[in-house]
Amino acid sequence: MKVFIVLVAIVALAVAKPVDDYKDISVVKAGIDHIDTTGYKFEYEQSDGVVRTEEGVLKNAGTEQEALEVRGSITWTAADGQVYTLNFVADENGYRPEGAHIPHL
């Protein structure tokens, strides 16, 4: 059920942008390695250079400490030509993004 919720959230983010912004973008590579009760793994690449990978693993299944750990990255080119990569982990400790463009506190 948790995996389903994560996938619904991904789809919601994908459709949140106006359709006209996507008219010239196509998926050039996509793959789903697995989706089951223990986790999921997918990747895709778009014609505009966006590349995303993500893997979710169910930790401590069946216990009170059960948690979904998600790790991934997304790379894109900004309007000014700068290439950005955002790596992230989301788990029972929260969402933790990392990237050269993110200020360190």
Side-chain angles (χ1 to χ4, degrees):
M1 182 65 174
K2 292 178 184 178
V3 173
F4 177 74
I5 293 170
V6 170
L7 292 176
V8 169
I10 291 168
V11 171
L13 289 172
V15 298
K17 194 172 181 183
V19 174
D20 286 346
D21 291 349
Y22 290 118
K23 66 182 177 183
D24 296 326
I25 300 171
S26 61
V27 175
V28 296
K29 177 183 171 187
I32 298 175
D33 286 350
H34 76 274
I35 298 176
D36 58 29
T37 58
T38 64
Y40 66 93
K41 185 175 182 180
F42 72 86
E43 65 181 355
Y44 66 83
E45 181 177 347
Q46 297 175 177
S47 60
D48 64 350
V50 171
V51 177
R52 180 166 178 179
T53 62
E54 185 170 310
E55 181 173 12
V57 177
L58 184 62
K59 296 174 22 181
N60 304 311
T63 70
E64 288 188 25
Q65 291 78 32
E66 181 176 284
L68 184 63
E69 178 181 86
V70 178
R71 293 180 177 273
S73 69
I74 184 166
T75 300
W76 70 95
T77 303
D80 64 0
Q82 177 78 27
V83 176
Y84 293 95
T85 297
L86 175 72
N87 299 305
F88 61 89
V89 175
D91 58 16
E92 66 275 11
N93 298 311
Y95 177 73
R96 296 179 310 280
E98 294 179 354
H101 60 287
I102 298 175
H104 296 279
L105 300 176

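The basis for the numbers below is simple: all heavy atoms, side chains too, and nothing from hydrogens, waters or symmetry mates.
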Honestly curious: do [X] and [Y] fall in one hydrophobic cluster under the side-chain, below-4.5 Å linking rule?
X   : Y   : answer
V70 : Y95 : yes
L86 : V83 : no
Y40 : V27 : no
V57 : I32 : no

**Asked** Crowded around E98 CD? As in, over 12 foreign heavy atoms under 6.0 Å?
**Response**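 Result for CD/E98: open.
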Please name the pair of heavy atoms, one in [X] and one in [Y], separated by the smallest distance, quoted to 0.1 Å.
X   : Y   : answer
E92 : A67 : OE1-CB, 3.5 Å
S47 : I25 : OG-CA, 3.4 Å
N60 : Q65 : ND2-O, 3.4 Å
S73 : N87 : CB-OD1, 3.0 Å

Interatomic distance, [X] atom [atom1] to [Y] atom [atom2] [nearest 0.5 angstrom]:
X    : Y   : atom1 : atom2 : answer
Y44  : K29 : OH    : NZ    : 13.5 Å
I102 : T85 : CD1   : OG1   : 10.5 Å
E69  : L58 : CD    : CG    : 10.5 Å
I74  : F88 : CD1   : CZ    : 8.0 Å

**Prompt:** Between R71 and D91, is there a side-chain N and carboxylate O pair less than 4.0 Å apart?
**Reply:**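 Not counted as a salt bridge, because no side-chain N and carboxylate O are separated by less than 4.0 Å.
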**Prompt:** How far apart are the C-alpha atoms of D48 and T77, what are their side-chain angles, what is the distance that settles it, and do they pass the side-chain contact (heavy atoms from CB on, under 4.5 Å) test?
**Reply:** CA-CA 8 Å; D48 64 350; T77 303; over 6 Å; no
**Asked** Using 30° and 60° as the class limits, which term best fits the ring planes of W76 and Y84: parallel, tilted or perpendicular?
**Response**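 Rings of W76 and Y84: parallel, under 30°.
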**Item:** Under 3.5 Å: donor-acceptor pair, side chain of T53, backbone of E43
**Value:**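 No, the answer is negative, given that no donor and acceptor are paired below the 3.5 Å cut-off.
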**Request:** I would like to know whether H101 and Q82 meet side-chain contact (heavy atoms from CB on, under 4.5 Å); could you show each step before the answer?
**Result:** CA-CA 10 Å; H101 60 287; Q82 177 78 27; over 6 Å; no
